Amino acid sequence: MLDNTRVPQKTAGNPLSSYRVIFIHGSPGSKEAYDDYLNHPALQQVDLVSIDRPGFGQSSMPVETSLKKQAEALLPLLKENKNTLLVGHSLGGPIALQLALLAPEHVDSLLLIASAFDPKLEAPKWYNYMADTLLAKWVIPDDMLRSNAEMMVLENELEKLAAQNWGSLTMPIVLVHGKDDDLADPGNSYFAKQRLPNAKLKMLNNEGHFVLWQNVPLLVNEIKAMIDLP
């Protein structure tokens, strides 16, 4: 298990609030990916926490390709006295889902944005194999190499995730995906919807993988609705 005390965090809002939103970034990325949300006036009355995953941002840990181990490292962020919403974008989505599977009694809702879930859609691409060569490792930036390490095993990691009982997740779940997403196929969210029949699936016209940054108002409204903010 990862050392839970070494998960860098960026916080905002009201730490005394009974509502907590935990933001999990994609690959590559960092806790700053959610700055628009941490700084948004409409969310300042709740406890906001964005984290750096292993190998990214200010994390001193090596990259960790196991979705389960990454989720385990976040367990201490789940508080019994907090109504907790997990927000995951891209690779952050399956990590959020895995965290909810580990501790469903401490996760109250999930917002999964442009996420990868279907193993068949996330097999390594030709450019992943190219980036995994010794020559490429001399010229590709370190954060992209760490991201590529995650992508090379993602298919297998998603198979492990899919083998678990998603039926234990009875909390409100919203799946948001842009129809024009060319990095995480929209079929990923259809796959998740089949496994989570009570989840709400929102397919967005004219939106791609970067809806997290390109349509902040829409996603802020989703967060507000899920934690019952006016």
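This structure is a prediction, so every number in the text was calculated from the model and none was measured.
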Do [X] and [Y] come within less than 4.5 Å of each other through their side chains, counting heavy atoms only?
{"X": "P217", "Y": "N215", "answer": "yes"}
{"X": "L101", "Y": "S168", "answer": "yes"}
{"X": "F117", "Y": "L175", "answer": "yes"}
{"X": "L158", "Y": "P94", "answer": "yes"}
{"X": "D118", "Y": "D185", "answer": "no"}
{"X": "N198", "Y": "T170", "answer": "no"}
{"X": "L43", "Y": "V21", "answer": "no"}
{"X": "N221", "Y": "L219", "answer": "no"}

Closer than 3.5 angstrom, by distance alone: can the side chain of [X] be matched with the main-chain N or O of [Y] as a donor-acceptor pair?
{"X": "S59", "Y": "G57", "answer": "no"}
{"X": "R53", "Y": "G29", "answer": "no"}
{"X": "R195", "Y": "A162", "answer": "yes"}
{"X": "H106", "Y": "N83", "answer": "no"}
{"X": "N39", "Y": "D35", "answer": "yes"}

Any chance you could measure [X], atom [atom1], to [Y], atom [atom2], to the nearest 0.5 Å?
{"X": "I223", "Y": "Y19", "atom1": "CD1", "atom2": "OH", "result": "14.5 Å"}
{"X": "I22", "Y": "L110", "atom1": "CD1", "atom2": "CG", "result": "10.5 Å"}
{"X": "L212", "Y": "L218", "atom1": "CG", "atom2": "CG", "result": "11.0 Å"}
{"X": "L97", "Y": "I173", "atom1": "CG", "atom2": "CD1", "result": "6.5 Å"}
{"X": "L86", "Y": "L77", "atom1": "CG", "atom2": "CG", "result": "9.5 Å"}
{"X": "M171", "Y": "E105", "atom1": "CE", "atom2": "CD", "result": "9.0 Å"}

Which atom names give the shortest non-hydrogen contact between [X] and [Y], and what distance separates them?
{"X": "V176", "Y": "S189", "value": "O-OG, 4.5 Å"}
{"X": "S90", "Y": "G26", "value": "CB-CA, 4.1 Å"}
{"X": "V7", "Y": "A73", "value": "CG2-O, 3.9 Å"}
{"X": "L169", "Y": "P104", "value": "CD2-CB, 4.3 Å"}
{"X": "Q70", "Y": "P54", "value": "OE1-CD, 3.6 Å"}
{"X": "K82", "Y": "D108", "value": "O-OD2, 3.6 Å"}

Would you kindly say whether [X] and [Y] are connected by a side-chain donor-acceptor distance under 3.5 Å?
{"X": "S50", "Y": "H25", "answer": "no"}
{"X": "S27", "Y": "E150", "answer": "yes"}
{"X": "D36", "Y": "H40", "answer": "no"}
{"X": "N14", "Y": "Q44", "answer": "no"}
{"X": "T11", "Y": "Q9", "answer": "no"}
{"X": "Q58", "Y": "K31", "answer": "yes"}
{"X": "E72", "Y": "Q98", "answer": "no"}

Are more than 12 heavy atoms from other residues, nucleotides or ligands located less than 6.0 Å from atom [atom1] of [X]?
{"X": "E80", "atom1": "CD", "value": "no"}
{"X": "K193", "atom1": "NZ", "value": "yes"}
{"X": "N205", "atom1": "CG", "value": "yes"}

>> Ring-plane angle category for F191 and W166, please: parallel below 30°, perpendicular beyond 60°, tilted otherwise.
In response: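 Correct class here is perpendicular.
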
> In terms of ring plane angle, is the pair H89 and H209 parallel, tilted or perpendicular, where the classes change at 30° and 60°?
Replying inline: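 Taking H209 first and then H89, their aromatic rings sit tilted (interplane angle of 30° to 60°).
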
> Below 4.0 angstrom, N of the basic side chain to O of the carboxylate: do K202 and E222 qualify?
Replying inline: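 A salt bridge is present here (some side-chain N lies under 4.0 Å from a carboxylate O).
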
> Less than 4.0 Å between a side-chain N and a carboxylate O, is that true for K160 and E157?
Replying inline: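 Here E157 pairs with K160 in a salt bridge, since their nearest N and O are under 4.0 Å apart.
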
>> With side-chain contact (heavy atoms from CB on, under 4.5 Å) as the criterion, how do F56 and V63 come out once you've worked through the C-alpha distance, each side chain's angles and the decisive distance to 0.1 Å?
In response: CA-CA 7 Å; F56 299 97; V63 67; 4.2 Å; yes

>> Quick one, L112 with V174, criterion side-chain contact (heavy atoms from CB on, under 4.5 Å). Give me CA distance, side-chain angles, the key distance, then yes/no.
In response: CA-CA 6 Å; L112 308 173; V174 175; over 6 Å; no

>> Could you walk me through whether K10 and Y34 satisfy the side-chain contact (heavy atoms from CB on, under 4.5 Å) test, starting with their C-alpha distance in whole Å, then the side-chain angles of each, then the deciding distance to 0.1 Å, before giving a yes or no?
In response: CA-CA 9 Å; K10 190 171 187 178; Y34 289 100; over 6 Å; no

> How far apart are the C-alpha atoms of V107 and L102, what are their side-chain angles, what is the distance that settles it, and do they pass the side-chain contact (heavy atoms from CB on, under 4.5 Å) test?
Replying inline: CA-CA 9 Å; V107 175; L102 291 174; over 6 Å; no

